[in-house]
Enquirer: 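I'd like to ask some things about the structure below.
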Amino acid sequence: MTEERRTPEGLRYGWTTGACATAATTAAYTALLTGEFPDPVTITLPKGQTPAFALAVEDLDPGSAMAGVVKDAGDDPDVTHGALIRSTVRHGPAGSGVTFVAGPGVGTVTKAGLPLAVGEPAINPVPRTLMRDHVAVVAALHGGTGDVVVEISVDRGEELARKTWNPRLGILGGLSILGTTGVVVPYSCSAWIDSIRRGIDVARAAGYQHVAGCTGSTSERTVMDLYGLPEDALLDMGDFAGAVLKYLRRHPVPKLTIAGGFAKLSKLADGHLDLHSARSQVNLAALARAAVEAGGDSELADRILGANTALEALTLSQAKGIPLGDAVAAGARRTALEVLRGAEVAVDVVAIDRAGTIVGRAH
């Protein structure tokens with residue numbers, strides 16, 4: 001694959017599933033019209049980049065052509081890195097334009113709230129537009145009508161989809177074909193953040209009055225035990241508290257529970273919206289101040305300042321009967337309300353330890 005691009009930190013950019021599907025579709029339709037597969041095949045992305053993709057597989061029959069591209073996500077830890085994305089193109093009825101079909105390993109939409117209708121293949125709007133545009137270019141170059149059926153498939157896609165949000169979002173049978181720019185920015189976690197937004201959309205479309213942003217599976221179980229929320233009201237927030245809050249600010253749900261480990265929520269209480277250890281740190285000085293405000297003495301504050309971890313600070317406070325967990329939960333709630341900026345969303349916070357025991361709450 002040509003046009004390798006790197007971030008200022010030296011990390012390689014990658015290409016989205018939508019870009020790969022577009023490359024495969026362009027190659028397959030060209031072969032259907034001319035009998036020859038362009039390899040590598042060059043496409044033009046929404047921002048003007050012109051990457052070239054090598055074909056991993058190709059097959060030409062009298063009525064169809066198939067081409068496949070291996071996805072390169074660059075240096076992003078993407079679950080679809082290395083996946084083989086295939087496009088099979090067939091002639092469609094006159095005047096039909098481009099019709100998309102979910103092949104093996106590509107999901108189908110089964111719940112309202114997504115940017116696609118129920119029953120549609122999980123090929124997002126921007127990749128659809130990109131493929132339509134490239135089909136039109138190939139048709140103009142080689143005398144085609146542009147009336148085609150495009151079937152996108154992903155080898156092992158159903159297996160890979162189990163590692164994504166798709167089952168919870170109601171996208172069943174495989175992966176989604178995603179991407180707005182065609183480019184994967186390393187460690188931007190854009191797919192995760194997009195899944196958070198789609199999760200909120202699905203919950204709103206289902207009429208849910210209460211959703212929960214959880215930092216992991218343990219906090220999810222805690223919230224389910226507390227509130228009995230259905231699975232599709234649980235947002236796998238991970239470290240992206242800001243993504244949940246900013247999207248709910250524009251698309252409110254009446255009640256939000258934020259649930260997570262004490263250490264991560266202490267960072268939210270300290271004003272951080274990205275809770276990843278590489279991008280925010282536990283502030284022991286802030287925890288010491290919170291302990292004092294909760295009734296602790298200077299000796300406790302000094303011991304917290306010398307603690308190795310947030311959990312140690314919590315344990316020290318609990319031994320003195322100081323509700324540091326509640327104080328951190330209250331601080332996290334204050335930060336959340338500040339980000340929501342008056343949106344009609346009631347917020348409560350549940351802080352847990354590693355075993356899932358509730359160590360702090362704020363309403």
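The shown structure was predicted, so the numbers you read here are calculated from the model rather than taken from an experiment.
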Enquirer: With Trp15 as reference, evaluate Val183, Ile43, Val184 under the side chain to side chain contact (heavy atoms under 4.5 Å, CB included) test and give the passing residue.
Expert: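 The residue from Val183, Ile43, Val184 that satisfies side chain to side chain contact (heavy atoms under 4.5 Å, CB included) with Trp15 turns out to be Val183.
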
Enquirer: Any chance you could pull the hydrophobic cluster mates of Leu305, using side-chain heavy atoms under 4.5 angstrom and chaining through other members?
Expert: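 Listed partners: none, Leu305 stands alone.
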
Enquirer: Using side chain to side chain contact (heavy atoms under 4.5 Å, CB included) as the criterion, point out the one residue from Ile152, Val70, Leu175 that pairs with Ile85.
Expert: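 Result for side chain to side chain contact (heavy atoms under 4.5 Å, CB included) with Ile85: Ile152.
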
Enquirer: Hydrophobic side-chain clustering at under 4.5 Å (ILVMFWY, transitive links): who's grouped with Tyr208? Put none if nobody.
Expert: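 Hydrophobic cluster check, Tyr208: no partners found.
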
Enquirer: Determine yes or no for a side-chain-to-main-chain donor-acceptor pair under 3.5 angstrom, with Trp165 supplying the side chain and Ala191 the backbone.
Expert: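 No: the side chain of Trp165 does not pair with the backbone of Ala191.
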
Enquirer: Ser176 and side chain to side chain donor-acceptor pair (under 3.5 Å): which single residue from Thr80, Asn166, Thr164 fits?
Expert: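 Filter result, single survivor: Asn166.
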
Enquirer: Could you check whether any side-chain N or O of Lys267 sits under 3.5 Å from a backbone N or O of Leu275, counting only pairs where one atom can act as donor and the other as acceptor?
Expert: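 Such a contact is found between Lys267 side chain and Leu275 backbone.
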
Enquirer: Which residue pairs satisfy the salt bridge (charged side-chain N to carboxylate O under 4.0 Å, His left out) criterion with at least one member in residues 213-226, sequence neighbours excluded?
Expert: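 Found Arg168-Glu220.
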
Enquirer: Using salt bridge (charged side-chain N to carboxylate O under 4.0 Å, His left out), reason through Arg197 and Asp194 one step at a time and then give a plain yes or no.
Expert: CA-CA 5 Å; Arg197 294 168 179 165; Asp194 183 68; 5.2 Å; no

Enquirer: Determine whether Thr30 and Val41 satisfy the following criterion, side-chain contact (heavy atoms from CB on, under 4.5 Å), listing intermediate values before the conclusion.
Expert: CA-CA 10 Å; Thr30 301; Val41 57; 6.0 Å; no

Enquirer: Hydrophobic clusters here meaning ILVMFWY residues chained together by side-chain heavy-atom distances under 4.5 Å, can you tell me if Ile177 and Val135 are in one?
Expert: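 Yes, because Ile177 and Val135 connect within a single hydrophobic cluster, where side-chain heavy atoms sit under 4.5 Å apart.
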
Enquirer: Going by salt bridge (charged side-chain N to carboxylate O under 4.0 Å, His left out), name the pairs with one or both residues in residues 237-254, residues two or more places apart or in two chains.
Expert: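 Qualifying pairs, neighbours excluded: Asp239-Lys264.
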
Enquirer: Mind checking side chain to side chain contact (heavy atoms under 4.5 Å, CB included) for Val292 and listing every partner two or more places apart, or none if nothing turns up?
Expert: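 Expected list: Ala301.
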
Enquirer: What residues form a side-chain hydrogen bond (donor to acceptor under 3.5 Å, both in side chains) with Asp270, not counting sequence neighbours?
Expert: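 Counting only residues at least two positions away or on another chain, Asp270 forms a side-chain hydrogen bond (donor to acceptor under 3.5 Å, both in side chains) with Asn283.
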
